[in-house]
Amino acid sequence: MRTILHVDMDAFYASIEEREHPELKGQPIIVGGRAEHRGVVSAANYKAREYGVHSAMPMKTARQRCPQAHFFPVRMEEYAKISRSIQQVFRKYTPLVEPLSLDEAFLDVTGSHLLFGTGQEIAVAIKREIKESLNLIASVGIAPNKFLAKIASDADKPDGLVIVEPNGIYAFLDPLPISRVWGIGKVATKRFSKLGINTISQLRTLDPGLLTELFGEQGQHLWELSQGIDDRPVVPERQAKSISRETTFSLDVTDLEILKSVLIELVEDVARRLRKNELRGRTIQLKIRYDDFATFTRALTVNQPTNITREIEAAALLLLEQRLPERPLSIRLIGVGVSGFDSGTRQQRSLFDEEDQQKHSRLDQVKDQIANRFGTESIKRANRIEADETDTETSSES
């Protein structure tokens, strides 16, 4: 039986800003772009959330709901630096670390018990080290698989530690609303509600055939999750067949400009991780999930593999603006990924001319060097200064 940890930093960006400004402890803190540039909320601490502020909300709305909050711009390079320090803590206990974003990761510690103790003992040690070395708080879920560990990490926030034992899976899952199952959004929840299905316990008793009839091949997956079945391994980034990042919004997004802002930040993170792992990919993929649970992926393959931020961004924006179905824009999830890896060092040719491509490659290298050395956002691409940086945290607003 595997032992999987899901470690999720609590209100990561906002907690970093609160750490840097201890005089603001207990006060609402919001991180995001400037309202006058259509910026959106990247993170809000728990105090700000009491006023209804959430990630991907227009900053203008956040200021209206919580005018007394303290507002900070996104400092992505600083957050990335701290994220690398957190991942170094993880790798003291296992090489099987699968980052999901800057603030969360799966760890497979099955092979670490002889050295470091039980999953609970490892989780306690990780939480303690992050607190002592970085003055930040992490919540951890411990379970036999990814799905259960992910739900467990969110079950007792902030500063949570929840264990799902193999013989207690049903007891843990059954009382939860079906919306906690990955892939069940607002529209699907309404469809189930009409059938009298509101909890995972009720979902678990359904005939898998009915779920397949309702949701296609995804129905079988939903049924398996309701049983607590999830066989996916923890895959370290360097071994992955693709590197991706996605965000599930707390409320459906209907504004294309907000989607573009979020997508650009997802691209920044994916491109940085590609370069960190010395990977280049040929295929850029956009993932979109609408409010009715319909999920679409669109892909574009370039002539030569790339890890250049500007190239991946251009492809992803093209897919967003030109390749989506003709239907009302109401988006629950957006993601971007790169696959088709080629780790060779040959010259890349791209959507841009060679001189432009080389310029953006050098800019990426400089930004990476500055981030690795100083951890501050000392340089930005000129076409991004006015737009501000508008990343989002995880769907649960951990």
Side-chain angles (χ1 to χ4, degrees), residues 98 100 106 143-151 154 169-170 173-174 176-233 235 240-254 259 262-263 266 283-301 316 319-340 394-396:
E98 180 180 340
L100 301 180
F106 287 115
N145 61 50
K146 286 181 170 182
F147 170 62
L148 295 170
K150 171 74 171 175
I151 294 180
D154 194 44
I169 292 174
Y170 289 169
L173 285 179
D174 283 357
L176 299 177
I178 57 172
S179 58
R180 299 304 301 275
V181 175
W182 293 345
I184 297 183
K186 182 172 60 177
V187 173
T189 298
K190 290 180 179 178
R191 294 177 69 182
F192 278 119
S193 181
K194 291 179 180 179
L195 298 173
I197 306 299
N198 298 298
T199 66
I200 295 180
S201 174
Q202 294 170 323
L203 179 63
R204 182 163 56 83
T205 62
L206 288 181
D207 186 332
L210 175 61
L211 288 172
T212 301
E213 182 179 333
L214 290 172
F215 298 102
E217 61 181 25
Q218 182 74 2
Q220 177 66 29
H221 179 61
L222 296 179
W223 183 83
E224 290 176 355
L225 293 180
S226 73
Q227 312 295 313
I229 299 171
D230 180 15
D231 296 329
R232 296 170 306 145
V235 182
K241 294 181 180 179
S242 67
I243 287 182
S244 62
R245 185 173 173 196
E246 61 186 38
T247 289
T248 301
F249 300 115
S250 302
L251 297 175
D252 299 330
V253 174
T254 58
L259 291 174
V262 173
L263 182 61
L266 299 181
T283 301
I284 293 88
Q285 181 172 295
L286 173 73
K287 179 179 178 182
I288 290 287
R289 178 167 296 147
Y290 287 84
D291 57 358
D292 64 353
F293 190 67
T295 303
F296 297 87
T297 57
R298 297 291 185 265
L300 186 154
T301 299
L319 294 170
L320 177 65
E321 294 173 335
Q322 301 182 21
R323 303 288 180 84
L324 293 183
E326 292 186 4
R327 55 177 295 171
L329 192 69
S330 184
I331 304 302
R332 186 171 189 268
L333 174 149
I334 187 170
V336 64
V338 176
S339 61
T394 59
S395 59
S396 59

Examine R204 relative to Y170 and say whether NZ or CZ is less than 6.0 Å from the centre of the six-membered ring and inside a 45° cone about the ring axis.
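Pair R204/Y170 counts as cation-pi.
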Using 0.5 Å steps for rounding, measure from the CG atom of L206 to the CG atom of L214.
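Reported value, rounded in 0.5 Å steps: 8.5 Å.
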Can you tell me how far CG of L100 sits from OG of S244, rounded to the nearest 0.5 angstrom?
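Answer rounded to 0.5 Å: 9.0 Å.
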Between the main-chain N or O of [Y] and the side-chain N or O of [X], is there a donor-acceptor pair closer than 3.5 Å?
X	Y	result
Q285	G337	no
N145	G228	yes
Q202	N198	yes
T212	P208	yes
S226	W223	yes
R323	R298	no

Any idea which heavy atoms bring [X] and [Y] closest together, and the distance?
X	Y	value
T199	D174	CB-O, 3.5 Å
F296	A294	CE1-CB, 3.8 Å
L286	A316	CD2-O, 4.4 Å

Going through the checks in order, is the side chain to side chain contact (heavy atoms under 4.5 Å, CB included) test met by F215 and H221?
CA-CA 10 Å; F215 298 102; H221 179 61; over 6 Å; no
Using a distance-only test with no angle check, is there a side-chain donor-acceptor pair under 3.5 angstrom linking S330 and T254?
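Side chains of S330 and T254: no pair found under 3.5 Å.
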Suppose the criterion is salt bridge (Lys or Arg N to Asp or Glu O under 4.0 Å): which pairs have a residue in residues 222-233, not counting sequence neighbours?
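Of all non-adjacent pairs touching residues 222-233, those that pass salt bridge (Lys or Arg N to Asp or Glu O under 4.0 Å) are D230-R232.
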Are F106 and F147, when compared by the centres of their aromatic rings, separated by less than 6.0 Å?
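No - the distance between ring centres of F106 and F147 does not fall below the 6.0 Å cut-off.
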Go through the steps for L320 and L324 under the test side chain to side chain contact (heavy atoms under 4.5 Å, CB included), then give the verdict.
CA-CA 6 Å; L320 177 65; L324 293 183; 3.8 Å; yes
Side chain to side chain contact (heavy atoms under 4.5 Å, CB included) with W182: which of L222, T248, L225?
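Considering L222, T248, L225, a side chain to side chain contact (heavy atoms under 4.5 Å, CB included) with W182 is found only for L225.
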Any ion pair linking R289 and E246 (charged N to carboxylate O, less than 4.0 Å)?
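Between R289 and E246 there is no salt bridge, as every charged N stays at least 4.0 Å from the carboxylate O atoms.
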List the residues meeting salt bridge (charged side-chain N to carboxylate O under 4.0 Å, His left out) with E321, not counting sequence neighbours, and say none if there are none.
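With sequence neighbours excluded, E321 shows a salt bridge (charged side-chain N to carboxylate O under 4.0 Å, His left out) to K260, given in chain and number order.
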